[in-house]
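Just so we're on the same page: letters track the sequence lines, and every chain starts at 1. All heavy atoms count here, side chains included; hydrogens, waters and symmetry mates do not.
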Amino acid sequence: MPNLVQPKVLKGFRDFLPETEISRKEIQTTLENTFKSFGMVPIDTPILEYTEVLLGKGSGETDKQIYRFQDHGKRDVAMRFDLTVPFARFMAANLNNLYLPFKRYHISKVWRGENTQRGRYREFTQCDFDIVGVDSPEADFEILSIMYESLTALGIPDIHIHISHRGIFNAFLEYLGVKENSAEILRIVDKLAKIGEEKVLEQLEELTNKEKASKILEYISADGSFDEILSKLEELSGGPTEGSKRLGTIRKMMLNCGIEDLFILNPSITRGLDYYTGIVYETFLDELPAIGSVCSGGRYNNLASIYSKTEMPGVGSSIGLDRLMAALEELGVSSSKKSLTKVLIMNMDDSLKGHYFNIAAKLRKAGINTEVFLEQKKMKNQFTFAERKNIPFAIIIGEDEYKENKVSVKNLETRENFNMTNIEDAIKIIGGNKE
RNA sequence: GUGGAUAUAGUUCAAUCGGUAGAGCACCAGAUUGUGGUUCUGGGUGUUGCGGGUUCAAGUCCCGUUAUCCACCCCA
């Protein structure tokens, strides 16, 4: 008995079986189609980068989560922990070959050495879409539209996109005289929904003082309609700011498109990453608030500045595919029973083997995914195989069919038989059942 | 990374005081049908997550380890 190696996978890393992977791919295709419909183009970047490239402007927090090591040439390298930072590097490196504004999407895996939880893994897939090269409310709004269209295309019911603005908040903190603590304040504020007002107030008091803490709480828990909250924020931050004006403009575009109900102005949304400079957003499912944001992002106007002297304002958002899939599963929206093969040609007769492949080729030419059962076994076996793989149709060709150049089709779900039909009719029967 | 809970067959679960692992479903083999859902016969399919320890004896008690779930942290 040889010593077998345990076929184990790392904590937070996963295998994907066909039934999962098929729907993952479908979701990705749906998203890609939505992105393309807005004129976005795909790109790709290496998963490994120089550590300094990834951490150039990262926060202290991301340092801890990053997978980092020395390569064989003693280079200090790291695996990307998101797609936005490599994208900034990409822009700086390829600016000469690009046209601005540049709109790209990128669906790929990223890695963070965090502790795992449901819907949270160490290897996960992000679907990013960004617009670089314009700092306009139109661009901000377009990203919001894509977020909405993408999630709608996936058939996700009842979403709300919570939006907020870093610029206004910074103006407010400056007005309050606590700007130097902004990073910590942002982090505390972000927890409002989770730990409640009391705890937030407590932590803010520790950091600043009683008066200022209650002012901050007043800011982040501002209530009412979009416009009411907006004017409240302006009031608290000492008058209208560039950011608040822009939010007003974006609000008008929402009203024009009749999608204003989807958006909630929520000043407690701040986002952990510190590269954001303008609008920020997170998306929650009404029925599953606990699962967290499934799509979030914002405007980052200085991100590329560490790589290039050219200014490249950007705005974008990212869908967490794994978290989204966990949500879809829980909501019962995901369709797990999918097959890619439409018909199985049963292996009945030794002398007809070549004929089976010939028929299969014809069916494929007609656009029908076809496979031939690859050994001669009992029909029961072959049917069981088809059932396991969720193949909806079987084609049976025995001596009789072969002689008259016909086939018999069986619908495996209804067990309905279509005996001795010609191939053209068989194609109609099978193809007509397309989803 | 820290703290807590959990880990038994493909799956859902059971196993008393520590006494040598069992049930439903699923599955496999065979019989019978040119068409699998019925029927008949036969089969338990297991490194009790992994590694140690205590004991005459460990799924059960102890220690370690790995993974999962939950909280913190952070985020998608």
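- For A:Arg120 and B:C75, the CZ to P distance is 10 Å, given to the nearest whole Å.
- Under the Watson-Crick or G-U wobble criterion, with both distances below 3.5 Å, B:C72 is paired with B:G1.
- Note on A:Gly12: only backbone sugar-phosphate atoms sit closer than 4.0 angstrom, heavy atoms only; bases stay farther off.
- Per the geometry, NZ belonging to A:Lys11 stands 12 Å off P belonging to B:C70, to the nearest Å.
- Rounded to whole Å, the distance from CZ on A:Phe383 to C1' on B:U35 is 4 Å.
- Taking only side-chain atoms of A:Arg415, from C-beta outward, the nucleotide of B:C74, B:G37, B:C69 with the closest atom is B:G37.
- Below 30°, between 30° and 60°, or above 60°: for A:Tyr105 and A:Phe35 the angle between ring planes is between 30° and 60°, a tilted geometry.
- Here A:Leu412 lies in heavy-atom contact (under 4.0 Å) with a base.
- Ion pairing between A:Glu114 and A:Arg122 fails under the 4.0 Å rule for side-chain N and carboxylate O.
- Pairing for B:U39 is with B:A31, a Watson-Crick or G-U wobble pair whose two hydrogen-bonding atom distances lie under 3.5 Å.
- For A:Asp400, the listed nucleotide lying nearest its side chain is B:G34; candidates were B:G34, B:C72, B:C75.
- Note on A:Thr116: a side-chain N or O is less than 4.0 Å away from OP1 or OP2 of B:C69.
- Taking the ring centre of A:Phe16 as origin, the terminal cationic atom of A:Arg24 falls inside the region bounded by 6.0 Å and 45° from the ring axis.
- B:C17 is unpaired under the criterion used here, namely a Watson-Crick or G-U wobble arrangement in which both key atom distances are under 3.5 Å.
- Remark: A:Arg118 is in phosphate contact with B:C70, judged by side-chain N or O atoms under 4.0 Å from OP1 or OP2.
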Could you write out each protein N or O paired with an N or O of nucleotides 28-31 of chain B at a distance under 3.5 Å?
from, atom 1, to, atom 2, distance (Å)
B:G30, OP2, A:Lys378, NZ, 3.4

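- Under the Watson-Crick or G-U wobble criterion, with both distances below 3.5 Å, B:A67 is paired with B:U6.
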Please write out each protein N/O paired with an N/O of nucleotides 2-5 of chain B under 3.5 Å, distance rounded to 0.1 Å.
from, atom 1, to, atom 2, distance (Å)
B:U2, O4, A:Asn115, ND2, 2.6

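- Judged by distance alone, with hydrogens and angles left aside, A:Arg112 brings no side-chain donor or acceptor close enough to the base of B:C75 to form a pair under 3.5 Å.
- Listed nucleotides B:G1, B:C75, B:A71 differ in distance to A:Arg122; the shortest reach to its side chain belongs to B:G1.
- Among the nucleotides B:U35, B:A71, B:C74, the one closest to any side-chain atom of A:Gln117 is B:A71.
- The stretch residues 401-411 of chain A participates, sequence neighbours left out, in these salt bridge (Lys or Arg N to Asp or Glu O under 4.0 Å) pairs: A:Glu399-A:Lys403.
- No hydrogens or angles were tested; on distance alone, a donor-acceptor pair under 3.5 Å links the side chain of A:Glu401 to the base of B:G34.
- In this entry B:G44 has no Watson-Crick or G-U wobble partner, no candidate having both defining distances under 3.5 Å.
- Between A:Gln382 and the phosphate of B:G36, there is no side-chain N or O to OP1/OP2 separation shorter than 4.0 Å.
- For A:Gln203 and B:C72, the CD to C1' distance is 11 Å, given to the nearest whole Å.
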